[in-house]
Amino acid sequence: MRVGLRDMLRAIREYPAARAELETARFELRQTQQALEQSQQDCGSLSIKMSEQDDYIDFLVCKSNAFRDALVEFCPKLSTPEELKRFYDTISPSMDASGFTMYRMAQELTGIDVPSCFPYEDNRGLFEVMDGHQLMGWLTAVHFQAVDWEIIPNSTYEYATLREVDTTTPEYQAFEQQLYEKVLERMGFQDVLASKQEPDIPPPQPKKNRGDQTR
């Protein structure tokens, strides 16, 4: 097939643009190759760091196991609510600073959901800013019926006033002991707990209609 004069002229006109496009493609290819080489180097460095991190994690696991074995060997088995609470208070700043491990376990044991028990306070967003330790006060108040209700004037709402929970009763002692045992188990400290039958927590009291409660 013979190339006509017109095609040759068009090819000559288009040659500079085509050459520039080729040079651009070559430049981009070199940049891509350089980026690939840099990525390979970075992957190599990351692989070394990951290996070092794995070794350090293995060291920490061994160290943790050694501390656990020493704790089991030298620490008396925890059996009373006072001992359990003291142990939890010692480790909670590092392992449960916000108190939500404690609160969620109390929820599991009692079946109580604090916001649903206090609709007025919940609608005001009161519980959204609370941590687990604060929510525990509301949960225990409901569980042990230490709540007074008062109607808000010109509304159908009632607001709650929490009374002090009597922590000396056998029911509260049983609740507190099982709660702390379960929390420490969840945190991995079951080996320091005394082996004995768990106390039974009294079941949650049935909810009363607001109008049936004594104010």
Side-chain angles (χ1 to χ4, degrees), residues 1-78 83-109 113-115 122 125-139 179-193 195:
M1 182 178 179
R2 299 179 62 183
V3 179
L5 179 60
R6 181 179 299 176
D7 294 332
M8 291 180 60
L9 292 174
R10 182 168 59 250
I12 293 172
R13 288 196 304 269
E14 293 177 354
Y15 174 76
R19 182 178 178 81
E21 185 177 350
L22 178 61
E23 291 299 325
T24 299
R26 288 174 175 172
F27 175 74
E28 291 176 349
L29 177 60
R30 289 195 297 270
Q31 284 190 318
T32 302
Q33 290 174 332
Q34 292 173 357
L36 178 60
E37 292 174 358
Q38 183 63 46
S39 296
Q40 290 173 338
Q41 293 176 3
D42 293 341
C43 286
S45 298
L46 288 174
S47 179
I48 295 174
K49 290 182 179 179
M50 287 182 62
S51 179
E52 294 173 349
Q53 288 294 325
D54 288 340
D55 292 341
Y56 185 61
I57 290 173
D58 290 340
F59 165 74
L60 291 179
V61 170
C62 292
K63 185 176 180 180
S64 175
N65 290 336
F67 278 134
R68 181 198 61 195
D69 294 341
L71 185 64
V72 172
E73 180 68 24
F74 295 101
C75 176
K77 294 292 186 178
L78 307 177
E83 293 171 342
L84 295 166
K85 186 176 186 300
R86 182 181 177 185
F87 191 90
Y88 170 81
D89 289 343
T90 301
I91 64 174
S92 61
S94 299
M95 301 189 66
D96 191 27
S98 61
F100 280 107
T101 300
M102 173 74 72
Y103 173 65
R104 293 188 183 104
M105 180 55 69
Q107 282 185 305
E108 292 181 21
L109 295 177
D113 178 63
V114 167
D122 185 37
L126 180 64
F127 303 117
E128 295 178 2
V129 298
M130 289 188 179
D131 62 15
H133 298 297
Q134 294 169 315
L135 289 167
M136 275 297 300
W138 292 77
L139 185 147
L179 174 63
Y180 279 104
E181 285 178 349
K182 291 294 186 181
V183 169
L184 293 178
E185 285 178 4
R186 179 159 293 180
M187 290 180 170
F189 292 97
Q190 60 275 4
D191 293 335
V192 302
L193 303 177
S195 299

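Below, each value reflects all heavy atoms present in this structure, side chains not excepted, and no hydrogens, waters or symmetry copies.
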field: Selection residues 83-98 - residue pairs positive for salt bridge (Lys or Arg N to Asp or Glu O under 4.0 Å), sequence neighbours left out
entry: Lys85-Asp89
- prompt: Pairs in or reaching into residues 37-49: which pass salt bridge (Lys or Arg N to Asp or Glu O under 4.0 Å), with residues at least two apart or in two chains?
  reply: none
- line: Distance col, row Gln53:CD vs Ile48:CD1, nearest 0.5 angstrom, shows 13.0 Å
Student check: side-chain heavy atoms of Phe189 and Leu78 closer than 4.5 Å: no
query: Backbone N or O of Ser47 within a donor-acceptor pair of the Ser51 side chain at under 3.5 Å?
result: no
- request: State whether the number of non-hydrogen atoms from other residues, nucleotides or ligands found under 6.0 Å of Glu23 atom CD is greater than 12.
  value: yes
message: Working to the nearest 0.5 angstrom, can you tell me the gap between Leu84 CG and Leu179 CG?
response: 9.5 Å
Donor-acceptor contacts under 3.5 Å from residues 28-35 side chains, at least two apart:
{"unit_1": "Thr32", "atom_1": "OG1", "unit_2": "Glu28", "atom_2": "O", "d": "2.8"}

task: Enter the distance from Cys43:SG to Gln38:CD here, rounded to the nearest 0.5 Å.
output: 10.0 Å
- request: Could you tell me which residues satisfy side-chain contact (heavy atoms from CB on, under 4.5 Å) with Leu135, sequence neighbours excluded, listed by chain and number?
  value: Phe100, Tyr103, Val114, Phe127, Met130
- request: Measure the CE-OG1 distance between Met95 and Thr101 for me, rounded to the nearest 0.5 Å.
  value: 8.0 Å
query: Who passes side-chain contact (heavy atoms from CB on, under 4.5 Å) against Glu108, sequence neighbours left out?
result: Met105, Arg186
- request: Quick one: pull up CD1 in Ile57 and CE in Met50 and give me the separation to the nearest 0.5 Å.
  value: 9.0 Å
query: Sequence neighbours excluded, which residues qualify as ring-ring contact (aromatic ring centres under 6.0 Å, His included) partners of Tyr88?
result: Tyr180
message: So which atom in Met136 and which in Ala106 form the shortest heavy-atom distance, rounded to 0.1 Å?
response: SD-CB, 3.5 Å
